[in-house]
Amino acid sequence: MEIITAVRGFKDILPGEAVKWHFVEQTARTIFSSFGFREIRLPLLEKTELFKRGIGEATDIVEKEMYTFLDKGDEYLTMRPEATAGVIRAYIEHSLFAADPVVKLFTMGPMFRRERPQKGRYRQFHQIDAEVLGSDDPQTDAELIFMLVHLLHTLGLMSLKLEINSLGCRDCRPAFRTAITEFLSGKEGELCGDCQRRLHTNPLRVFDCKVKECQQVLASAPRLLDFLCDACRDHFEEVQGTLTLYGTPFSVNSRMVRGLDYYTRTTFELTTESLGAQNAVVGGGRFDGLVKDLGGPEIAGIGFAIGMERLVSMLALADDGLDQRPLLYIAALGDGAKKKSGLICNRLRIKGIYAEIDYSGKSLKSQMKRADKLGCRYTLIVGDREMDEQIAELRDMRSSSQIKISFDKIEDYVINIAKEN
RNA sequence: GUGGGUGUAGCUCAGCUGGUUAGAGUGCCGGGUUGUGGCCCCGGAGGUCGAGGGUUCAAAUCCCUUCACUCACCCCA
């Protein structure tokens, strides 16, 4: 029989890995809750229109990367390629803005984009996403970034580079867009093929280009930051001032642009050297027009998305470092002993003790081997002899010392050991 | 969508310019101790050599096609 494999770009997260994911998720939940963020769980499937309007019709994501299908012939649905659009949709749909002027939300789960898989890029990938709705204060920006950096430090990731930029608002950005388009039009011939295309679709993205020639052309190009209106300039300066006050190191990268249309003003990115080409571990920014664009009131927002696969792959934890090891292994020899052992084992388990047992009926030697391999602290041996006397042998696997213990005292004894360990 | 690299045991890999029953390490199972783990020793199971076609007396090895994985472009978390 031919085996059926997973879909291209869709990965299984095996138990050894899953432990790391759990650690990251737990840490995030704890930190988010002390900053006042509450979890929201959202559908994976949304109406296609949501992403077209939210992310932008001309973006690569919407143009060629979405998993979209016609549902029963009457409606286009899309597997969410990112989380923010869904969060805002729910925020508007349930009028969360009416209950509280500032709403802080987080969510985590799978996203889907149909790209060619490579290191750090999969077709199903996972994000941890946090958003603040209802505040356009620059301190909110700084606070969100501060929390994010704190989370990454707590996870042991100290060497990520934080870059920030301001994209301006809907008042000042068009002027820059015009200026850069004019500037580049004169030099179209000097740009790479991709950039000549970008010039017409999304000129700001030329800044992202890795081709040397393009970067040379850009050296004398107008700078986004010089085009900011007074309000945006003040805003950006206060973001920087607050980050400095909080002791969060950053650098301003005036060439950093984002791939989603909804971003305004503050944008930021955390990158690593250790991941190859897909070096962005976190991306985020302000989206002050998005709520209104999606049919809600005029409410400001800012958020970020952490790439889980990229983050987890940087974790220095040993594979088994977080794996639980049984406190007790029960080696049972013979049918009567197996039944008795199963009862003991499961009674311990419901007391919260991780005990392991083998029903295979293998030799004591092979059961001992297994106990050792699992890293058990103690092994309880129950055979015919023990059944006759109603007394089991308890072996300490570290010291190799062994004591006899009567059946009716095992449970209390092991519970006591558990308290000490 | 475009390029490059790689596909041999569960895992990591060796296999020279084609040559006989395709190997190692590790893991798994068993034995050395008829009821005692780790270290050591011995044995065993496990492979359509990614798939299909071609060249040849002979193909894991050479050629073609195809698929998968992977890295990079692109894109982004």
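Keep in mind that what you see is a predicted model, and the values were worked out from it rather than measured. Chain naming here is simple, since letters A, B, ... match the order of the sequence lines and numbering starts at 1 in each.
Closest to the side chain of A:Ile381, from the set B:A77, B:G37, B:G35, is B:G35.
Residue-to-nucleotide contacts include no donor-acceptor pair under 3.5 Å from the side chain of A:Gln367 to the base of B:G35. A donor-acceptor contact under 3.5 Å is formed by the side chain of A:Arg310 with the base of B:C76. Between the side chain of A:Arg370 and the base of B:G37 there is no donor-acceptor pair of N/O atoms closer than 3.5 Å. Contact of A:Ser400 with B:G38 (side chain to base): a donor-acceptor pair of N or O atoms is detected under 3.5 Å.
The six-membered or imidazole ring of A:Phe32 lies near that of A:Phe106, with a centre-to-centre distance under 6.0 Å.
B:A58 and B:U6 have their C1' atoms separated by 27 Å, given to the nearest Å. With C1' as the reference atom, B:A68 and B:G50 are 7 Å apart, rounded to whole Å. Spacing of P atoms, B:U33 relative to B:G23, comes out at 31 Å, to the nearest Å. Of the C1' atoms belonging to B:G18 and B:A60, the separation is 10 Å, rounded to the nearest Å.
Between A:Asp226 and A:Arg223 there is a salt bridge, since a side-chain N of the basic residue sits under 4.0 Å from a carboxylate O of the acidic one.
Seen from the ring of A:Phe207, A:Arg255 does not count as a face-on cation partner, given the 6.0 Å and 45° thresholds.
Of the possible polar contacts, one joining the A:Ser135 side chain to the A:Asp137 backbone as a donor-acceptor pair under 3.5 Å is found.
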